[in-house]
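First the structure, in the form of structure tokens, and then the observations on it.
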Amino acid sequence: MTENLNEQYKIIIKDKHTVAGEVSESTTELFGNLDVAKNGYIIRYTEHEGDFAGTTTKIFVVEPNSVRLSRGGSYGLDLVLERGKRHNCAYDTPYGRLQMGVYAKDVDSKMSENGGNLKFAYSLDIGGGEVSDNELEVIVKDLGRRGEETCQR
């Protein structure tokens, strides 16, 4: 699923994953959109590299403590994170659909129509066994280009 985005915001994603005691961290910088929605915000960006290239990711931030992350394509995802609750979620892969349990330890949103900061921490389990602990920080910066016909990055 590819969408035509105006890419008026810089989106920085910092993630940290802990699997079997091994920690991996990365930072990704993309361009996308931020829209005001009922009870929150929608962050949208298109992946440009790796297995997710060409797919649009949407992060629905429902104030004050809930996030829904969705992505289409070969690695489709529908992940619901609500502070202090566990949800069953689906993750599509080229090999089939994987059902996961997601427990949101924390969701902290400081968003406005000008951008902001979203942090969430959660654990994933498959078949009742914990697979990973995850922390994500999404920083959204308004590029101040509204109404301009051309963009330089």
Side-chain angles (χ1 to χ4, degrees), residues 1-113 115-141:
M1 167 174 69
T2 301
E3 290 184 23
N4 185 15
L5 300 178
N6 292 333
E7 298 183 338
Q8 298 175 337
Y9 293 82
K10 183 175 189 177
I11 300 170
I12 302 164
I13 303 168
K14 298 179 181 182
D15 56 37
K16 177 179 176 181
H17 305 286
T18 305
V19 178
E22 294 288 321
V23 178
S24 65
E25 296 183 59
S26 68
T27 300
T28 305
E29 293 188 15
L30 309 140
F31 295 91
N33 290 337
L34 174 69
D35 297 309
V36 178
K38 184 179 181 182
N39 300 328
Y41 301 90
I42 301 171
I43 302 165
R44 270 184 266 246
Y45 57 89
T46 300
E47 304 277 355
H48 297 289
E49 296 180 5
D51 292 333
F52 306 127
T55 62
T56 298
T57 298
K58 296 179 186 176
I59 303 172
F60 301 88
V61 182
V62 181
E63 301 289 358
N65 60 5
S66 178
V67 172
R68 180 177 179 189
L69 198 134
S70 69
R71 178 188 313 121
S74 298
Y75 289 90
L77 179 66
D78 190 19
L79 190 75
V80 176
L81 299 152
E82 191 173 7
R83 184 184 300 143
K85 294 186 179 179
R86 183 184 179 279
H87 290 274
N88 290 318
C89 299
Y91 182 55
D92 292 323
T93 74
Y95 312 103
R97 176 169 277 198
L98 183 62
Q99 292 294 100
M100 303 180 296
V102 181
Y103 176 76
K105 298 174 183 180
D106 192 26
V107 176
D108 183 27
S109 171
K110 292 179 179 67
M111 299 295 297
S112 77
E113 63 273 0
N117 190 289
L118 169 66
K119 292 181 183 180
F120 48 98
Y122 61 97
S123 61
L124 291 176
D125 66 76
I126 298 173
E130 188 171 314
V131 175
S132 65
D133 280 314
N134 309 277
E135 297 175 28
L136 269 84
E137 179 177 14
V138 180
I139 302 161
V140 181
K141 296 180 179 184

Heavy-atom closest pair, residues [X] and [Y]:
X	Y	value
G101	N88	CA-OD1, 4.0 Å
L81	V107	O-CG2, 4.3 Å
M111	N117	SD-N, 3.5 Å

Can you check whether [X] reaches [Y] side chain to side chain, under 4.5 Å on heavy atoms?
X	Y	result
Y45	I13	yes
Y41	V36	yes
K105	S123	yes
K16	V23	yes
M100	D125	no

Looking at residues at least two apart in the chain, or sitting in another chain, which of them share a side-chain hydrogen bond (donor to acceptor under 3.5 Å, both in side chains) with E29?
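Once residues adjacent in sequence are excluded, the partners of E29 under the side-chain hydrogen bond (donor to acceptor under 3.5 Å, both in side chains) criterion are K10.
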
Going by side-chain contact (heavy atoms from CB on, under 4.5 Å), [X] matches just one of [options]. Which one?
X	options	value
K14	V138, T27, T28	T27
T46	T55, N33, T56	T56
R68	I42, D78, L79	D78
L69	V61, L77, V80	L77

Nearest 0.5 Å, what's the [atom1]-[atom2] distance between [X] and [Y]?
X	Y	atom1	atom2	result
S112	L34	OG	CG	7.5 Å
S109	I43	OG	CD1	7.5 Å
F120	E135	CZ	CD	11.0 Å

Go through the steps for R71 and D92 under the test salt bridge (Lys or Arg N to Asp or Glu O under 4.0 Å), then give the verdict.
CA-CA 10 Å; R71 178 188 313 121; D92 292 323; over 6 Å; no

Assess the residue pair D35 and R44 against the criterion (side chain to side chain contact (heavy atoms under 4.5 Å, CB included)); give the C-alpha distance rounded to whole Å, side-chain angles, the decisive distance to 0.1 Å, and a yes or no.
CA-CA 8 Å; D35 297 309; R44 270 184 266 246; 2.5 Å; yes

Show your working on side chain to side chain contact (heavy atoms under 4.5 Å, CB included) between I126 and L98 and close with a plain yes or no.
CA-CA 8 Å; I126 298 173; L98 183 62; 3.8 Å; yes

Pairwise ring-ring contact (aromatic ring centres under 6.0 Å, His included) hits with a residue in residues 54-100, at least two apart
F52-Y75

Do H17 and L136 pass the side chain to side chain contact (heavy atoms under 4.5 Å, CB included) test, and can you show the C-alpha distance, the side-chain angles, and the key distance before you say yes or no?
CA-CA 9 Å; H17 305 286; L136 269 84; 4.3 Å; yes

Evaluate the criterion salt bridge (Lys or Arg N to Asp or Glu O under 4.0 Å) for residue pair R83 and D108; output intermediate values, then yes/no.
CA-CA 9 Å; R83 184 184 300 143; D108 183 27; 5.2 Å; no

Verdict with reasoning, K119 to D106, per salt bridge (Lys or Arg N to Asp or Glu O under 4.0 Å)
CA-CA 8 Å; K119 292 181 183 180; D106 192 26; over 6 Å; no

Check: T18 side chain, G21 main-chain N or O, donor-acceptor pair, under 3.5 Å
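No; zero donor-acceptor contacts below 3.5 Å.
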
Would one find more than 12 heavy atoms of other residues, nucleotides or ligands at under 6.0 Å from atom CD of Q99?
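Buried by this count: over 12 neighbours within 6.0 Å.
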
Report, as yes or no, whether the 6.0 Å neighbourhood of atom NZ on K85 holds more than 12 heavy atoms from other residues, nucleotides or ligands.
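Incorrect, the count does not exceed 12.
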
Run V67 and L118 through side chain to side chain contact (heavy atoms under 4.5 Å, CB included) and show every step you take.
CA-CA 9 Å; V67 172; L118 169 66; 3.9 Å; yes

